Amino acid sequence: MAAASNLLSEDEFCLEMIQKRRLKIQKVKRSVELSEEDADREKAEGVQFLSDLKESVQRKLNELISTIAEKQRTKKRAEDSIKELEQEICELKKRSSEDHLHLLQSFQSLNILLPAPTKDWTKASVPRASYEGTVRRAETQLVETLRKMMKKKKKQKVKLKRVQKCAVDVTLDPDTAHPNLILSDDGKQVNDTDVRKDLPDNPERFSDCSVLAKQSFSSGRFYFEVQVKGKTAWNIGVVRESIDRKGGILLRPEDGSWSIGLRNGNEYTAIDDHLVLLSLKSRPQKVGVFVAYVNSLVSFYDVEAAALIYSFTGCSFKEKLFPYFSPCLNDDGKNSAPLIITPVGVN
């Protein structure tokens, strides 16, 4: 019995050690993932900043070239003036050498030949083009542009951090998910498959590729973040509790939906009172959704760029709001990446 007890104790000890090592492996893997995400974020921020700086430099270069070109036009004006003066000199020389008899006869007949009128050059001048300070001014303007870019980026980060303080914990509700959707066990990920599961068609379930969060909000402010990396199509936002979940879902404010999305791999849109095509400087990898119920506001952020994507203002909520997610169709594996609800502040 004692030997069996010792053996059992040793087995328990081994199981405990195995469990600890598995947990350690998970932590190491998560650490690697976070490091890779940090690298991706820094790379994206660096590329975006340098791209903006490159655009500013190119714009200033074009302005500098245009300024110098404008000043160089004075050379053409000077050449035209010289040509005109030389023509008048030739004309005057010609008249000076005319036959005196012809001139006398002209006077006698009172048919006086007067010199052809010439241009009054007494006030004419071609100012010297001054290039002094042109490059210096361009340099000063570029430095000022860079300072403004840094200031703007800092303000954007401060604003994002402020709304991130309103973060809430959001999990997906399987009772609302379309039968083709696969939800992770922790309720944080969703993606579409080509296989329809046999699920009851309860009133809460969407008949298109959509799912809601379990949590609802009817006051205050709340914020959550969703990773959209690797996807070619998606929709994210908030909807009223009473939104029509059957048939063709209309993602319009008048129907109780405030969302933005990606389609065709590169077209970002918002459906306000009309379809709005969004012009974004970079592809968002993580989207932040901020709702201020009392202010009737829904805003979307590119988390990595700390940039505002779009805001719905003057929203008519009137009832509970639920976070809304659509990973869109699988598209033969092209759009198989999941939407992932990520912890706020973890990049």
Side-chain angles (χ1 to χ4, degrees), residues 30-52 149-172 184 186-191 213 215 217 221-238 258-263 265-270 276 278-292 295 297-313 321 323-328 335 337-347:
R30 182 55 181 161
S31 178
V32 171
E33 289 175 359
L34 291 175
S35 296
E36 290 178 348
E37 290 175 3
D38 285 343
D40 289 342
R41 185 185 72 256
E42 291 298 322
K43 185 189 298 182
E45 289 184 359
V47 168
Q48 184 60 54
F49 176 76
L50 292 176
S51 296
D52 291 344
M149 286 172 56
M150 296 293 289
K151 184 177 180 181
K152 180 180 179 181
K153 190 171 184 64
K154 184 177 180 180
K155 287 178 67 176
Q156 289 176 334
K157 286 187 175 182
V158 169
K159 186 171 184 178
L160 179 59
K161 286 184 179 297
R162 188 161 59 243
V163 300
Q164 284 179 325
K165 292 180 179 178
C166 302
V168 293
D169 185 26
V170 172
T171 53
L172 301 170
S184 61
D186 62 0
K188 298 293 185 180
Q189 301 187 29
V190 58
N191 65 293
Q215 296 76 17
F217 306 88
R221 296 175 173 83
F222 65 94
Y223 174 87
F224 59 94
E225 293 179 351
V226 185
Q227 180 177 302
V228 297
K229 186 176 181 180
K231 297 193 64 60
T232 60
W234 49 263
N235 283 292
I236 298 169
V238 294
W258 297 266
S259 67
I260 65 169
L262 170 67
R263 62 184 187 182
N266 58 8
E267 295 179 10
Y268 294 91
T269 62
V276 181
L278 305 175
S279 178
L280 306 184
K281 291 185 176 181
S282 60
R283 292 175 61 88
Q285 302 298 302
K286 189 181 294 185
V287 176
V289 184
F290 173 67
V291 178
N295 300 112
L297 172 74
V298 181
S299 294
F300 297 85
Y301 292 88
D302 180 339
V303 176
E304 292 182 348
L308 178 66
I309 297 175
Y310 190 77
S311 283
F312 293 88
T313 58
L321 296 177
Y324 166 85
F325 310 86
S326 174
C328 294
N335 191 38
L339 290 177
I340 304 175
I341 302 171
T342 59
V344 173
V346 177
N347 293 311

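Since the model is a prediction, treat every value here as computed from it, not as a measurement.
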Residues passing the ring pair (Phe, Tyr, Trp, His ring centres under 6.0 Å) test with Tyr310, sequence neighbours excluded, are Phe312
The side chain to side chain contact (heavy atoms under 4.5 Å, CB included) partners of Asn335 (sequence neighbours excluded) come to Lys231, Thr232, Ala233, Cys328, Asp331
| Is Glu225 reaching over with its side chain to a backbone N or O of Lys286, donor-acceptor style, under 3.5 angstrom? | no
Should Phe290 and Cys166 count as side-chain neighbours, where that means a heavy-atom distance under 4.5 Å? yes
Contacts of Ile341 meeting side chain to side chain contact (heavy atoms under 4.5 Å, CB included) (sequence neighbours excluded), chain-then-number -> Val170, Leu172, Lys188, Phe325
Heavy-atom check, side chain of Val238 versus side chain of Val298, under 4.5 Å
yes
Side-chain heavy-atom pair Leu339, Val228 within 4.5 angstrom cut-off
yes
Contacts of Phe217 meeting ring pair (Phe, Tyr, Trp, His ring centres under 6.0 Å) (sequence neighbours excluded), chain-then-number -> Phe222
Closest non-hydrogen contact found for Ile260 with Ala270 is CG2-CB, 3.9 Å
Item to complete: Taking the side chain as every heavy atom from C-beta outward, state whether Thr171 and Gln215 have any atom pair closer than 4.5 Å.
Response: yes
Inset, instruction - Mark yes or no for whether Gln189, through its side chain, and Gly187, through its backbone, hold a donor-acceptor pair below 3.5 Å. - result: no
For Asp302, the side chain to side chain donor-acceptor pair (under 3.5 Å) test, sequence neighbours excluded, returns Ser282
Worksheet item: Does Arg221 use its side chain to pair, donor to acceptor, with the backbone of Ala167 at less than 3.5 Å?
Response: no
Heavy atoms of Gln164 and Val303 approach each other most closely as NE2-CG1, 4.2 Å
| query | Less than 4.5 Å apart, any side-chain heavy atom of Tyr301 and any of Val163? | reply | yes
Correct closest heavy-atom pair for Leu321 and Val291 would be CD1-CG1, 3.9 Å
Side chain to side chain donor-acceptor pair (under 3.5 Å) filter on Ser299, not counting sequence neighbours, yields Ser311
Asn235 and Tyr324: side chain to side chain contact (heavy atoms under 4.5 Å, CB included), yes or no, with the steps? CA-CA 8 Å; Asn235 283 292; Tyr324 166 85; 4.1 Å; yes
Sorted by chain and number, sequence neighbours left out, side chain to side chain donor-acceptor pair (under 3.5 Å) with Glu267 holds for Arg263, Asn264
Those residues at least two apart in sequence (or on a different chain) that pass side chain to side chain contact (heavy atoms under 4.5 Å, CB included) with Arg162 are Val158, Lys159
Asn266 meets the side chain to side chain donor-acceptor pair (under 3.5 Å) criterion, sequence neighbours left out, with none
Contacts of Leu280 meeting side chain to side chain contact (heavy atoms under 4.5 Å, CB included) (sequence neighbours excluded), chain-then-number -> Tyr268, Leu278, Pro284, Ile309
Closest non-hydrogen contact found for Trp258 with Phe300 is O-CZ, 3.7 Å
Taking the side chain as every heavy atom from C-beta outward, state whether Thr269 and Val276 have any pair of such atoms under 4.5 Å apart. no
